[in-house]
Amino acid sequence: MNRLLLAAYPKEHRARQGDELLACLAEAYPGRSWPPAREVAALTRAGVQARARAVVDDTARPWWLDGIHLAALVLAALALVPYLQDVWHWALRIDPGTHAIAFRFSGWYPWAEGEGGRTRLLPYGLLPLVCLLALLRGKAWIALPAAATMIYAGASFHHSTLFGDEGKAGLGYYGLGAPITARDLVLSATLCAACAVLALCRPGRLRRHSYRWLLPLLLALFVAGGLHVIAVSPSFQRGMFLLEIAGLLTAWVATAATGDHRWLIPVAAFAFVRVQAIVVQPDGFMRSLPDLVVLLLLVAPLPALAIAAQRRQDRALLG
């Protein structure tokens, strides 16, 4: 189990010091397959710092381009999460039965039957899924039309029957604030703008992430589809809250370690989309936390990251 901790470190670091780290853990905690929680947190933080330094040391692309790429990945994931169950059921031809959400159920696919007997062909969640997969592999020219189609689907939800209506006319992502459905075009438009900027750059300049990054996505699809975890369930809300806090802490650790500003861009994009959802539809707020607390959680990381970057730069100059 200790080898799982090595995944937090970049490949080069694992090759050089991985065996030494495992030997130290085995000597410090004999007979234990997992070190204490404090040690896990320290090793994870060190791994994040090592990865952040490796990213900054890679000068193949400007920092702002990497930041926009990260922002697009975050927004695509944010758009996908309400539809994980739908995509899983559609891909494996699973009949969700009574677990179908806000659809007129018809045969294998709960989104197949629309008003007036018209047929819906695809789940909406395929669009952010395609966008996310393309961005992971650095193919913005594939992600851009998928993001543009998300805008079309959200703008035409009154009369279009191409995609299922769950999330467009009903449930959606909540997370730290008010729900975001496909009708909220701010998310899809911001994602489309980021993809357009990336598509205008040379494809070779974009970072290509390993296919191993698809494993967490497959796990999320399996959990949501197999356990019927939906966006309004308490377990979903708690899980997403923890993931969002973990993401913000990761951005802070990376910024404090390197003094680089690229992680400010995805945090700012995330905060912008979430805050506008709360401001535009305050009645849709989940009320799991006070409004002011949520707004502070979304906005406070921005100056915190900027201060952390400046302090790291100041220390570098003094050193």
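Listed by chain and residue number, P266, F270 satisfy the side-chain contact (heavy atoms from CB on, under 4.5 Å) test with V74 (two or more places apart in sequence, or in another chain). Qualifying side-chain contact (heavy atoms from CB on, under 4.5 Å) partners for A257, counting only residues two or more places apart in sequence or in other chains: Q49, R53. Take D260 and apply the salt bridge (Lys or Arg N to Asp or Glu O under 4.0 Å) test, not counting sequence neighbours, and it matches R262. Contacts of R61 classified as side-chain hydrogen bond (donor to acceptor under 3.5 Å, both in side chains), with partners at least two apart in sequence or in another chain: D58. Every side-chain contact (heavy atoms from CB on, under 4.5 Å) that L185 has, sequence neighbours left out, goes to A155, S188.
Put simply, L215 and L73 are part of two different groups of oily side chains (I, L, V, M, F, W, Y) that touch within less than 4.5 Å, one to the next. Using a 4.5 Å cut-off between side-chain heavy atoms of Ile, Leu, Val, Met, Phe, Trp and Tyr, with links allowed through other members, L187 and V197 fall into the same hydrophobic cluster. Residue L219 is grouped with residue L84 when hydrophobic side chains (ILVMFWY) are merged at heavy-atom distances under 4.5 angstrom, including chains of intermediate members. Both I265 and V275 are members of a single hydrophobic cluster when ILVMFWY side chains are connected at heavy-atom separations under 4.5 Å. Linking ILVMFWY residues whenever their side-chain heavy atoms come closer than 4.5 Å, directly or via other members, places L217 and Y83 in the same cluster.
Residues V87 and L221 are in side-chain contact: their nearest non-hydrogen atoms beyond the backbone lie under 4.5 Å apart. Taking the side chain as every heavy atom from C-beta outward, L70 and R207 never approach each other to under 4.5 Å. Under the 4.5 Å side-chain criterion, counting only non-hydrogen atoms from C-beta, V186 is in contact with F272.
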Show me the donor-acceptor pairs within less than 3.5 Å that the side chains of residues 127-137 make with the rest of the protein, sequence neighbours left out.
{"unit_1": "R137", "atom_1": "NE", "unit_2": "Y211", "atom_2": "OH", "d": "3.4"}
{"unit_1": "R137", "atom_1": "NH1", "unit_2": "H209", "atom_2": "O", "d": "2.7"}

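The aromatic rings of W63 and H261 lie tilted to each other, with the angle between the two planes from 30° to 60°.
Note that CG of D184 and CD of Q276 are 4.5 Å apart. Values are rounded to the nearest 0.5 Å. Between I68 atom CD1 and C195 atom SG the span is 11.0 Å, to the nearest 0.5 Å.
Taking both residues in full, the closest heavy atoms of I151 and A189 are given as CD1-CA, 3.8 Å, listed atom of the first, atom of the second, then distance. Contact record, L144 with A199: CD2-CB, 4.2 Å, taken as the closest heavy-atom pair.
Evaluated for a side-chain contact (heavy atoms from CB on, under 4.5 Å) with I245, the options L243, L249, L242 yield exactly one hit, L249.
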